[in-house]
Student: 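Below you will find the structure I want to go over with you.
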Amino acid sequence: MKINCIGILTSGGDSPGMNAAIRAVTRTGIAHGFKVKGIYRGYEGLMTDEVAEFTTESVSNIIARGGTILKSARSKAFMTPEGRAQAYETMKKEGIDALVVIGGNGSLTGAHLFAQEFNVPCIGLPGTIDNDLYGTDLTIGYDTTLNTIVECVDKIRDTATSHERIFFVEVMGRDAGFLAQNSAIASGAEAAIIPEDSTDADQLEHFIGRGIRKSKNSSIVIVSESPKCGAMFYADRVKKEYPQYDVRVSILGHLQRGGSPSARDRILATRLGSGVIDAIIDGQRNVMIGVRNDQVVYIPFTDAIRSDKPMNKNLIKVLDTLSI
Ligand code: F6P
């Protein structure tokens, strides 16, 4: 089937650089003769027909803006067959032949189901701060968020040192520890607690006690968010077992998702966004565009949504060695 019109949406948690990706898809698409339509509020807008045709001007002055001009949503209705059937009706009504989805794991799972059920060509872009999509070295938004976290931890270090305190700083990442591990390395934290590695109270004591014995007067432990054992959990355990330590918790929360994208994220989003149009012209279908060893690559949805993106275990050793 010939593709004339491309629809684009952002879905799931927003991430800095999504706008740069929207801009790249729109302008590259128009430059190659495609009609481009923006779909608002993710899959919700696809079901309720919140669609507007985009011109090159529609995406002016957005490359530096965080968030997403298309808005985003986590759509429960699209996860049902009825919801997807409704979305398909909008595709037909609007004359959209192919769908570009910028989002994380849940959003690309939705795209995968939609593509299978209705034989709609779908192309994904990895838009998530978590960096947890399989097959791509980086996701759009991860670098900006990493920098935001490091800036926050640098500030927390000032007060931690002044008061000789131990801080547990909780960062986002859903089920992945990329943000926690790498922000710990970049901020000189004493430890990271990540889902990819097991950390029990003894290990914690080992990290913290070792730091304090070596006349460090503060410690920072970055904790990957977790419903059961986030920063509060570890802080409480340490407070109970080692009352001699003055412990505080800082949960960074949604400020991690905001802000103007870093140059690195803007460039990544632009490369991947124009890669979408190359992929469509190439006849690629139902793949996520990613980057590996600085090369743009196509990753089948079935791989991209795997939940076991490997973490470089060497990073865990490096952090441990440097925190003595
Ligand atoms: O997937 C991005 C992310 O920011 C995760 O790191 C976090 O667990 C989640 O979204 C938070 O979602 P919400 O904004 O819906 O609370």
Side-chain angles (χ1 to χ4, degrees), residues 3-30 34-55 58-59 62-63 65-80 83-118 120-129 133 139-141 257 269-270 272-277 279-280 284-289 301 304-305:
I3 292 172
N4 294 310
C5 176
I6 299 168
I8 177 168
L9 60 81
T10 48
S11 164
D14 61 342
S15 69
M18 280 184 163
N19 283 328
I22 295 167
R23 174 178 177 269
V25 172
T26 303
R27 292 204 170 157
T28 315
I30 291 172
F34 294 101
K35 196 183 257 196
V36 178
K37 291 194 172 181
I39 300 155
Y40 290 87
R41 296 195 308 117
Y43 292 120
E44 287 290 318
L46 188 59
M47 290 182 301
T48 53
D49 196 6
E50 292 174 64
V51 178
E53 182 162 349
F54 269 19
T55 64
S58 310
V59 293
I62 65 167
I63 195 165
R65 279 167 59 187
T68 159
I69 59 158
L70 285 175
K71 306 196 183 301
S72 193
R74 297 190 192 279
S75 175
K76 287 209 174 88
F78 190 76
M79 288 301 155
T80 65
R84 291 192 291 275
Q86 206 180 328
Y88 184 60
E89 287 309 309
T90 305
M91 296 272 294
K92 285 197 291 188
K93 181 170 165 226
E94 292 286 345
I96 300 171
D97 308 310
L99 184 65
V100 177
V101 174
I102 310 175
N105 202 295
S107 308
L108 298 189
T109 303
H112 177 51
L113 291 172
F114 193 50
Q116 276 182 325
E117 283 169 1
F118 296 98
V120 172
C122 290
I123 303 286
L125 280 181
T128 167
I129 62 165
L133 286 163
T139 59
I140 297 164
R257 284 225 302 255
T270 302
L272 300 186
S274 42
V276 164
I277 304 303
I280 288 174
Q284 293 288 333
R285 301 288 180 261
N286 314 331
V287 292
M288 178 184 83
I289 317 286
F301 280 150
I305 60 181

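It should be emphasised that the depicted structure is a prediction, and the values quoted were computed from it without experimental measurement. FYI, the numbering just counts along the sequence from 1.
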Student: I want to check something: taking the side chain as every heavy atom from C-beta on, are Ser15 and Thr139 in contact at a cut-off of under 4.5 Å?
Tutor: no

Student: Measure from the side-chain N and O atoms of Arg84 to the backbone N and O of Phe78, and report whether any donor-acceptor pair falls under 3.5 Å.
Tutor: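 Yes: the side chain of Arg84 pairs with the backbone of Phe78.
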
Student: What's the spacing between Met79 CE and Arg74 CZ if we round to 0.5 Å?
Tutor: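 Output value for this atom pair is 10.5 Å.
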
Student: Using the side chain to side chain contact (heavy atoms under 4.5 Å, CB included) rule, take Met91 and Phe114 through it: C-alpha gap first, then chi angles, then the decisive distance, then the call.
Tutor: CA-CA 11 Å; Met91 296 272 294; Phe114 193 50; 3.9 Å; yes

Student: Does Asp49 have any side chain to side chain contact (heavy atoms under 4.5 Å, CB included) partners at least two apart in sequence or in another chain, and if so, which?
Tutor: Val51, Thr90, Lys93, Glu94

Student: With sequence neighbours excluded, give me every side chain to side chain donor-acceptor pair (under 3.5 Å) pair touching residues 16-27.
Tutor: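 Every pair satisfying side chain to side chain donor-acceptor pair (under 3.5 Å) with a residue in residues 16-27: Arg27-Ser60.
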
Student: In Å, rounded to the nearest 0.5 Å, how long is the span from CD1 of Ile123 to CD1 of Ile102?
Tutor: 12.5 Å

Student: Under a 4.5 Å cut-off applied to non-hydrogen side-chain atoms, are Phe54 and Ile6 in contact?
Tutor: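 SC-SC contact between Phe54 and Ile6 ruled out.
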
Student: Do Glu89 and Lys92 have side chains that get closer than 4.5 Å, going by heavy atoms?
Tutor: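 In contact.
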
Student: Is the shortest side-chain heavy-atom distance between Pro121 and Leu99 below 4.5 Å?
Tutor: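 No; the side chains remain at least 4.5 Å from each other.
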
Student: I'd like to know if the side chain of Tyr43 and the backbone of Ser107 have a donor-acceptor N/O pair within less than 3.5 Å.
Tutor: yes

Student: Report the residues that fulfil side chain to side chain contact (heavy atoms under 4.5 Å, CB included) with Ala115, sequence neighbours left out, ordered by chain and then residue number.
Tutor: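 If we apply the side chain to side chain contact (heavy atoms under 4.5 Å, CB included) test to Ala115, skipping adjacent residues, the hits are Cys122, Asn286.
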
Student: Just how far is it from atom CD1 of Ile22 to atom CZ of Arg65, taken to the nearest 0.5 Å?
Tutor: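 That separation rounds to 9.5 Å.
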
Student: Apply side chain to side chain contact (heavy atoms under 4.5 Å, CB included) to the pair Val59 and Val25, showing each step before the final yes or no.
Tutor: CA-CA 10 Å; Val59 293; Val25 172; over 6 Å; no

Student: Side-chain contact, heavy-atom cut-off 4.5 Å: Phe34 with Ile280?
Tutor: yes

Student: To the nearest 0.5 Å, what is the distance between NZ on Lys35 and CD1 on Ile96?
Tutor: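 Rounded to the nearest 0.5 Å, the NZ-CD1 separation comes out at 10.0 Å.
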
Student: Which atom names give the shortest non-hydrogen contact between Met18 and Ser11, and what distance separates them?
Tutor: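 So the minimum-distance heavy-atom pair works out to CE-O, 4.1 Å.
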
Student: Listed by chain and number, what are the salt bridge (charged side-chain N to carboxylate O under 4.0 Å, His left out) partners of Arg41, not counting sequence neighbours?
Tutor: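 Arg41: salt bridge (charged side-chain N to carboxylate O under 4.0 Å, His left out) contacts with Glu50.
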
Student: Can you list the residues that meet the ring-ring contact (aromatic ring centres under 6.0 Å, His included) rule with Tyr88, with sequence neighbours excluded?
Tutor: Phe118

Student: Between CG of Leu9 and OG of Ser75, what distance do you get to the nearest 0.5 Å?
Tutor: 10.0 Å

Student: For the residue pair Ala21 and Leu125, what are the closest heavy atoms and their distance?
Tutor: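 Heavy atoms only, the tightest pair is CB-CD1, 4.0 Å.
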
Student: Please determine whether side chain to side chain contact (heavy atoms under 4.5 Å, CB included) holds for the pair Thr28 and Val276, giving the CA-CA distance in whole Å, both sets of side-chain angles, and the decisive distance to 0.1 Å.
Tutor: CA-CA 9 Å; Thr28 315; Val276 164; over 6 Å; no

Student: Nearest 0.5 Å, please: how far is CD1 in Ile305 from OG1 in Thr109?
Tutor: 4.0 Å

Student: Can you list every salt bridge (charged side-chain N to carboxylate O under 4.0 Å, His left out) pair that touches residues 11-22, not counting sequence neighbours?
Tutor: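 Listed once each, the pairs are Asp14-Arg257.
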
Student: Under 3.5 Å, side chain of Thr68 to main-chain N/O of Thr10, donor-acceptor pair present?
Tutor: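 No, because the side chain of Thr68 does not come within donor-acceptor range (under 3.5 Å) of the backbone of Thr10.
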
